[in-house]
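Written below as structure tokens is the structure these notes are about.
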Amino acid sequence: MIDPTCSDEVAGALADGRAVVALESTIFSHLGLPTPFNREALERCLAAVRDGGAVPAVTAVLDGVVRLGLSDAEHERILGPARKAAERDVAVAVGQGWEVGATTVSASVAIAAAAGVPVFATGGIGGVHRGAEITGDISADLDAIASHPVITVSAGAKAFLDLPRTLEFLETAGAPVLGWQHDWFPAFYTRSSGLPVPHRVDSADEVARIFAARSRPASGILLTVPIPVVDELDTAELDEVLTEALADCERAGVTGAAITPFVLGRIGAATEGRSVPANLALAENNASVAAQVAVAVAAT
Ligand code: PSU
Ligand code: MN
């Protein structure tokens, strides 16, 4: 079973019942954001969690050990070369002693749950890929969100995914999807995918009450937070970029777990300076909302 080694600060906070926010490490690795913006993203997310009154706890596998809460030197390690580790890969990373396993949403939610941390923040989640009816490519993030007792805070998912099917999957899996002060499922760079969220929430206390009232103790919740208005990108421009990125991916014959990092890289390159600032702003905003939610959950 996953048995995370917590930093002293995280262990202390958990023992005292103080708020902790888990963060994934794939987004901060070269798989998620280009250097030096990955460092900026990490620093801004850590600060946003602390400013919100919670303790940040980055997840990773370092030298074959599952970790929750890292030192400054260990944060440095996840900014360098890393192997992508989804939930199922965590066991492999431990068994094989991977030097740096960058944990995805699914892995991070599993690690947070194992340590008793009920709130986790990321940028965007993985989802059902377009064409999944042929390829079967559905991110392990969705099952993990639904089946671990953790609130995942994200800006929805990028529109290169099949967002209607992503929402359908979460419904089938039994995960409530809540819109933070917003009626629409966000599409990462844009505030609305055009799809309504099943339920809107307006306060962290409301999220905490919903979390406490769920029918299955082992299940989770997805809280979607739209990118701040000032940071939103233009939908028409993005549509073109996403279509081109997916076509490139197919032409290059990229498959499986490599698809998401490949498409993220293409989107970043095609939108040059615009997508990265948006990505950083939404990740920081999610971390800030997650801290509020963690404080509310800790108080219930
Ligand atoms: N979407 C993003 N940025 C990311 C990811 C997804 O906009 O960094 C990463 C997250 O770590 C997520 C993972 O958990 O990709 C999903 O990968 P896959 O599609 O292979 O399940
Ligand atoms: Mn996949």
Side-chain angles (χ1 to χ4, degrees), residues 22-34 37-38 41-42 45 58-61 78-79 82-90 93 100-112 120-146 148 150 152-163 165-166 169-170 186-190 193 220 222 224-227 233 238 241-242 245-246 249 254-268 271 275-287:
L23 298 165
E24 63 156 314
S25 45
T26 297
I27 176 180
F28 305 126
S29 76
H30 69 289
L31 299 161
L33 280 164
F37 303 106
N38 56 342
L42 173 62
C45 287
V58 174
T59 64
V61 182
I78 60 167
L79 300 174
R83 291 173 74 174
K84 180 175 172 180
E87 181 175 359
R88 68 170 186 170
D89 305 314
V90 171
V100 185
T103 40
T104 66
V105 169
S106 65
S108 302
V109 166
I111 293 167
F120 160 71
T122 182
I125 60 165
V128 178
H129 285 255
R130 295 189 196 176
E133 62 276 25
I134 306 293
T135 63
D137 192 351
I138 297 174
S139 175
D141 291 355
L142 300 182
D143 177 69
I145 290 165
H148 290 292
V150 172
T152 293
V153 182
S154 91
K158 286 201 171 85
F160 71 82
L161 298 167
D162 185 332
L163 299 184
R165 281 198 169 88
T166 297
F169 188 102
L170 289 165
F188 198 82
Y189 296 121
T190 56
S193 59
L222 178 62
T224 63
V225 180
I227 183 171
L233 298 188
L238 271 176
V241 169
L242 293 178
L246 285 174
C249 189
V254 173
T255 58
I259 292 176
T260 297
F262 181 94
V263 175
L264 296 182
R266 285 302 156 116
I267 294 169
T271 54
S275 68
V276 168
N279 203 330
L280 301 191
L282 69 84
E284 178 182 38
N285 189 49
N286 293 344

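Remember, it's 1-based here, ligands and their atoms both numbered in the order they're listed.
- Closest heavy-atom approach to atom 16 (C) of ligand 1 among the candidates Asn279, Ile259, Asp141: Asp141.
- For the atom pair NE2 (His148) and CG (Asp143), the distance works out to 7.0 Å, reported to the nearest 0.5 Å.
- Near Lys158, the atoms of ligand 1 lying under 4.0 angstrom from a non-hydrogen atom of the residue are 2 (C), 3 (N), 7 (O).
- For atom 15 (O) of ligand 1, the nearest non-hydrogen atom of the protein is Thr260 CG2, 3.5 Å.
- Atoms of ligand 1 found under 4.0 Å from any heavy atom of Phe188 (numbered from 1 in listed order, with element): 7 (O).
- At least one N/O-N/O distance between Val105 and ligand 1 falls below 3.5 Å.
- One N or O on the side chain of Lys84 and one on the backbone of Ala257 form a donor-acceptor pair closer than 3.5 Å.
- Ile27 contributes atom CD1, which lies 12.0 Å from atom OG1 of Thr104 (distance to the nearest 0.5 angstrom).
- Atom CD of residue Glu24 and atom CD1 of residue Ile111 lie 10.5 Å apart, to the nearest 0.5 angstrom.
- Between the side chains of Thr152 and Ser154, no donor-acceptor pair of N or O atoms lies under 3.5 Å.
- If you check each of Ile125, Leu264, Thr103 against atom 8 (O) of ligand 1, the one with the closest non-hydrogen atom is Leu264.
- Numbered from 1 in the order shown, with element, the atoms of ligand 1 that lie under 4.0 Å from a heavy atom of Gly124 read 1 (N), 6 (C).
- Near Thr26, meaning under 4.0 Å from one of its heavy atoms, ligand 1 places the atoms 11 (O).
- Protein heavy atom at the shortest distance from atom 21 (O) of ligand 1 is Ser139 OG, 2.7 Å.
- Distance NE2/His129 to CD1/Ile134: 15.0 Å, rounded to 0.5 Å.
- The distance from ligand 1 to the heavy atoms of His129 drops below 4.0 Å at these ligand atoms: 19 (O).
- From the protein, the heavy atom lying nearest to atom 11 (O) of ligand 1 is Glu24 OE1, 2.6 Å.
- Atoms CG and CZ, on Asp162 and Phe169 in that order, are 12.5 Å from each other to the nearest 0.5 Å.
- Closest to atom 17 (O) of ligand 1, if we only count protein heavy atoms, is Lys84 NZ, 3.2 Å.
- The shortest distance between side-chain heavy atoms of Tyr189 and Ile267 falls below 4.5 Å.
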